[in-house]
Amino acid sequence: MRIIRAAREMNIESVAIYHDIDKEAPFVQYADYAYKISGTTPKAAYLDIPQIIEVAIRSNSEAIHPGYGFLSENSVFSSEVSKAGLVFIGPDANSIELMGNKTRARQLMTAAGVPIVPGTKEQIESDEELIKTAEEIGYPILLKAAAGGGGKGMRKVDSVDELIESYRGAKREAANAFGDDAIYIEKYIINPKHIEIQIIADAHSNYVHLGERDCSIQRRHQKVIEESPSTILDEELRTKMGEVAVKAAKACNYVNAGTVEFLVDKNKNFYFLEMNTRLQVEHPVTEMATGIDLVKEQFKIAFGMPLSFKQEDVRFTNHAIECRIYAEDPFNNFLPDTGKITHLRRPCGNGVRVDSGIDEGSEVTIHFDPMLSKLIVWGRDRNEALGRMESALRNYRIQGVRTIIPFLIAVMQHPEFRYGYFDTGFIQHTFDMDVLDKIKEEQEEIIAAIAAFGFRMTRKDQSPVSEKQKISKWKENNLLMRRLL
């Protein structure tokens, strides 16, 4: 939906591909043309490179935008698109290959002088090597999938007693997720900030960074809330990290939009984590903070045009925050939920943006990630953005599936989050999950109160309401819903 919107604004026609399970999806209806692809499962269809390219050629398309997932960081796909005489709207196969394998990326960054987290630059080959290397690095450590991302194949290990079992579990998960069970080791940085730098480059050797996004609010290594600018970076550190991110991009001859991710420790030392060779899910944060449309720039770069701005043109005019709206039950250990969206009301107003993949009537299935939409707000400063986000969350209505909106509201209200005192351990170590139990109790109370209120309003023998007791229906419902959330 996001990519089609940008194309439409540039008078570029769009062609969507869809599996039968998605035939009623909003993106299929929104595109100028839509072609059905087949597969035993949706995943099999959307990973079928020859079939996708065949549709592109049959529809007379000139280019393919890979989106955020599936084949977006697949070097074979990039290569096959180019071989077919089509334009891949993203980096070339070599850049994806270099940065896609985490061990090779660490080797490349070391050679380029980019600081990396202490750890191995090669995959672990045996249990003996695993034990020896872990002792040399020092516990706690992180086991990470060489071909991975998104927390798949990742395990934190605190002692040798849990090392072997964690290693084998990480290998199994990595093999299932990426078809590659290679694992490497990193030193676990205690309570770091997760800061990523958005870079963009054209084919004319112009490289620009667009500042940072703070992605430290995470659950199970998955990002939940992102914002820009970060509460810990000053202008000097921002400039330094931006320059290092550009150096990383140049090291792999990167062209198009990409993200260089770092861990920042309590002393503000930063270390290269990985490079995402695609447009990030959280790219709207940067767009709202800078006013630059990244997808439109992607289109221009892919067709040989230079960047429309230089480094000195980048201005951080707003504070932006994004919340990912997942179909997960925060009252049941964030278990993913499925079902039909029976009612949908999106928040709106000044400084509010919703990038959504659903409409009323949409089916939420088990086949895809449970993220339904992204809610982005921006303000003149962080306080205004926080207030706007809490208000927007309260006015977001999704019925038919459970969502994490109540949890997100609780985070927005948390004192340490509001003051900027948070890191990647916030949800695990700082946020009190008992708050959700209190919210659930309030929900049950207010649902009962709403039912009772409705019953009283329908009684024929109801006595007149005095002037002092009068309250508008809107205010009554608003007070009830504020308590409910």
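Throughout, numbering of the chain's residues begins at 1 and tracks the sequence.
Checked for salt-bridge contact, E282 and R324 meet the test: a charged N lies under 4.0 Å from a carboxylate O. Between R106 and E186, at least one side-chain N (NZ, or NE/NH1/NH2) sits under 4.0 Å from a carboxylate O, which counts as a salt bridge. By the 4.0 Å N-to-carboxylate-O rule, R353 lies too far from E322 to be salt-bridged with it. Remark: R58 engages E54 in a salt bridge, criterion side-chain N to carboxylate O under 4.0 Å.
Residues E212 and I197 share a closest heavy-atom pair of CB-CD1, 3.7 Å.
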Exercise. Hey, mind stepping through K223 and E261 against salt bridge (charged side-chain N to carboxylate O under 4.0 Å, His left out) and telling me if it holds?
Worked result: CA-CA 13 Å; K223 300 165 187 173; E261 304 200 358; 2.9 Å; yes
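Side-chain atoms of K300 do not come within 3.5 Å of backbone N or O of V295 as any donor-acceptor pair.
With hydrogens and angles left out, the side-chain atoms of N276 and T259 include no donor and acceptor closer than 3.5 Å. A donor-acceptor contact closer than 3.5 angstrom is absent between the side chains of D359 and S362. No hydrogens or angles considered: nothing links the side chains of N60 and Y33 as a donor-acceptor pair under 3.5 Å. A donor-acceptor contact under 3.5 angstrom links the side chains of E122 and Q107, judged on distance only.
Counting non-hydrogen atoms of other residues, nucleotides and ligands closer than 6.0 Å to CD of E360 gives a total above 12.
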